[in-house]
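Written out below as structure tokens is the structure these notes cover.
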Amino acid sequence: MRKLALACLASLVACSPSSTSAQPAAPVRADAPKLIVAISVDQFSGDVFDEYRSHYTGGLKRLAGGTTFRNGFQSHAATETCPGHSTLLTGMRPAHNGIVANVWIDEKAPRADKNVYCSEDESVPGSTSTAYTVSPKHLNALTLGDRLKAVSPASRNVAVAGKDRAAVMMGGRNLDQRWYWDGKTFVTDLKGVAVPRTVISANQAVAGMVAAGSPPLDPPALCQAKSRAYQLTPALKVGDNHLGRTAGDVRNFRGSPELDGATLALAAGLVQEMKLGRGQATDILSISLSATDYVGHGYGTDGLEMCLQIFALDRELGDFLAMLDRSGINYAVALSADHGGMDIPERLREKGITSAARADAGLAAAEVGKLLAPRFDRTESVLKGLGIGGDIWVDAGVPAAQKDAVIRAAKERYAAHPQVYAAFTRTEIMAVPMPTGSPDKWSVIQRIRASFDPPRSGDLYVVLKPYISPIAVPASGYAATHGSPWDYDRRVPILFWRKAMAQLALDTPIETTDILPTLAASIGLAIPAGSIDGHCIAAVAGDQCPFR
Ligand SMILES: [Zn+2]
């Protein structure tokens with residue numbers, strides 16, 4: 001068994017310095033950090049952050065020593081990767097930035113299935129909803145990097161992630177480099193950008209790691225105590241997996257701490273090669289670490305596997321920050337998550353949450369739509385949806401005169417199901433004003449309103465009761481998930497760290513949309529009043545916060 005130590009950053013990526021020409025200073029504060037590192041840990045719930053908090057010894061310990069909000073909120077209902085990442089550096093909720101889901105249905109899309117992916121350009125000939133063309137086209141907002149480069153052309157904006165949608169939503173449109181894992185290697189969608197040497201060496205190193213496989217992780221006692229097998233299906237057992245990987249198994253590479261190690265190594269290599277944080281202008285480095293999400297989906301949020309992942313993440317983040325320290329860069333870090341997650345219902349029930357269950361497969365839109373079809377003289381489903389719960393659309397084949405009747409019938413049918421909390425129509429949702437005030441106090445329909453954008457959202461929004469997993473039948477890599485309006489999916493940590501910052505741990509609920517205005521204030525970047533949803537946090541940016 002190997003120790004938890006992963007591939008050392010320094011050995012994975014060969015870094016060689018390159019020259020940085022003298023460039024004009026940015027119109028930001030003289031004491032601004034020269035590098036802002038914005039980190040998203042995919043599916044890092046407030047619950048998981050809290051559970052391991054007293055055990056952090058690496059990067060998470062360091063970052064939790066700054067200003068820590070354990071009650072951050074991805075305040076909206078659509079707690080998926082794309083909407084979550086879209087709020088982090090835009091300061092805007094999905095209702096305003098347009099990223100209402102990972103995938104939505106657009107009947108005008110030039111393809112048979114009408115599914116549109118959040119970070120693609122579906123108008124590119126030949127692209128499909130699975131073989132898509134990566135693009136920020138659907139993001140109706142500016143990111144921190146976009147805003148900074150507009151006033152400070154010498155600033156660099158770089159994004160590195162385990163998922164394309166994370167890199168796109170955090171980076172935005174105006175980037176110097178954007179790299180993400182495509183399932184086999186790190187790739188970019190940017191055209192005409194010179195490929196840094198570090199990307200080539202990182203991809204070579206990763207190919208070698210994948211080919212070699214990796215032995216099972218040696219768990220610390222805390223993790224070992226969590227080891228307990230749950231046989232979810234005859235073919236699927238979770239809870240006691242040590243995340244080892246056979247030679248050549250690239251799929252499980254992403255579902256192990258190795259993916260985060262590789263992502264951070266690539267980010268570290270880009271810092272060195274591009275001399276980020278060492279020019280005259282402030283640079284932005286966005287990093288999204290996806291392994292926690294893949295581990296959460298594959299094994300749930302509270303077993304041996306997640307424990308191993310969190311210990312590894314803590315260690316890898318510590319190595320990455322140590323690299324920045326050695327470089328002498330004046331940097332600041334903000335860390336949060338795109339959403340939380342729900343554990344497997346089988347384990348939740350044993351912990352006393354007796355209502356935890358898997359959803360009835362009959363709740364899928366296509367199934368309910370088929371049951372309703374005869375009432376509307378149809379044989380095919382009158383409804384379309386993606387998975388169970390969330391947005392549901394009336395099928396385009398239903399005559400306009402019947403659409404309202406279909407919506408009423410579907411709402412009634414869903415509302416009568418014992419696993420359904422409520423079903424809200426588009427009209428009901430849009431009648432709700434955009435919520436204000438503390439996000440922990442919002443009603444469910446207010447949460448839905450915060451990620452509802454009429455041109456993209458559905459005709460009906462279905463909410464399952466708390467602890468009903470929308471995964472009716474677990475499969476390999478997909479035993480647990482997120483996406484609900486409940487706080488186990490909405491609550492995430494938000495950490496701000498800068499050298500010599502006094503430790504301040506706060507319980508005050510804040511929103512992830514508050515990160516952008518806070519970081520902007522900390523570097524003196526003006527954000528036009530009323531252009532975003534978030535608010536600058538005085539506990540971090542102090543009297544640099546405008547309007548306070
Ligand atoms: Zn996920």
Side-chain angles (χ1 to χ4, degrees), residues 39-49 72-74 76-88 94 99-104 115 117-120 129-130 132 161-170 180-183 232 238 243 251-257 259-260 263 287-303 305-306 309-310 313 335-345 358-359 386-391 451 464 467-493 512:
I39 302 172
S40 167
V41 177
D42 201 315
Q43 203 188 125
F44 194 29
S45 67
D47 294 334
V48 169
F49 172 72
F73 280 84
Q74 289 280 1
H76 52 269
T79 50
E80 295 186 326
T81 301
C82 219
H85 279 95
S86 79
T87 70
L88 293 173
I99 305 300
V100 299
N102 283 349
V103 179
W104 56 84
N115 292 356
Y117 177 60
C118 58
S119 58
E120 70 156 323
S129 59
T130 47
Y132 50 80
K163 297 181 183 175
D164 56 38
R165 54 190 180 274
V168 168
M169 296 301 147
M170 291 183 85
Y180 40 83
W181 183 251
D182 77 344
L232 302 184
V238 304
L243 304 180
R251 182 166 181 262
N252 282 316
F253 179 81
R254 73 176 196 181
S256 82
L259 175 61
D260 289 347
T263 306
I287 302 171
S288 178
L289 302 172
S290 308
T292 304
D293 186 62
Y294 290 123
V295 170
H297 283 299
Y299 312 99
T301 61
D302 199 20
E305 301 90 346
M306 183 59 81
Q309 164 60 20
I310 296 301
L313 172 72
L335 181 144
S336 189
D338 53 344
H339 53 72
M342 179 187 146
D343 197 17
I344 52 170
R358 295 191 177 276
L386 301 148
I388 292 177
D391 286 298
S451 49
L464 300 178
Y467 296 108
I468 302 297
S469 170
I471 300 177
V473 181
S476 175
Y478 201 56
T481 194
H482 49 83
S484 83
W486 306 115
D487 284 354
Y488 49 76
D489 285 341
R490 291 172 84 223
R491 192 173 72 89
V492 294
T512 51

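Ligands are counted one by one from 1 in listed order, and the atoms in each one are counted from 1 as well.
The shortest side-chain heavy-atom distance between Cys118 and Glu80 does not fall under the 4.5 Å cut-off.
Note that the CG atom of Leu289 and the CG atom of Leu335 stand 8.0 Å from one another [nearest 0.5 Å].
A pairwise comparison of heavy atoms in Pro470 and Ala359 identifies CA-CB, 4.0 Å as the closest pair.
Inspection of the environment of the Zn ion (ligand 1) yields the following protein N, O or S atoms under 2.8 Å: Asp293 OD1, Asp293 OD2, His297 NE2, His482 NE2.
The aromatic rings of Phe49 and Phe44 sit perpendicular to each other, their planes meeting at more than 60°, with 30° as the lower class boundary.
Looking only at distances, no side-chain donor or acceptor of Arg358 sits under 3.5 Å from a matching main-chain atom of Ser469.
Screening Val48, Ile310, Asp42, Leu259 for a side chain to side chain contact (heavy atoms under 4.5 Å, CB included) involving Thr292 leaves a single residue, Ile310.
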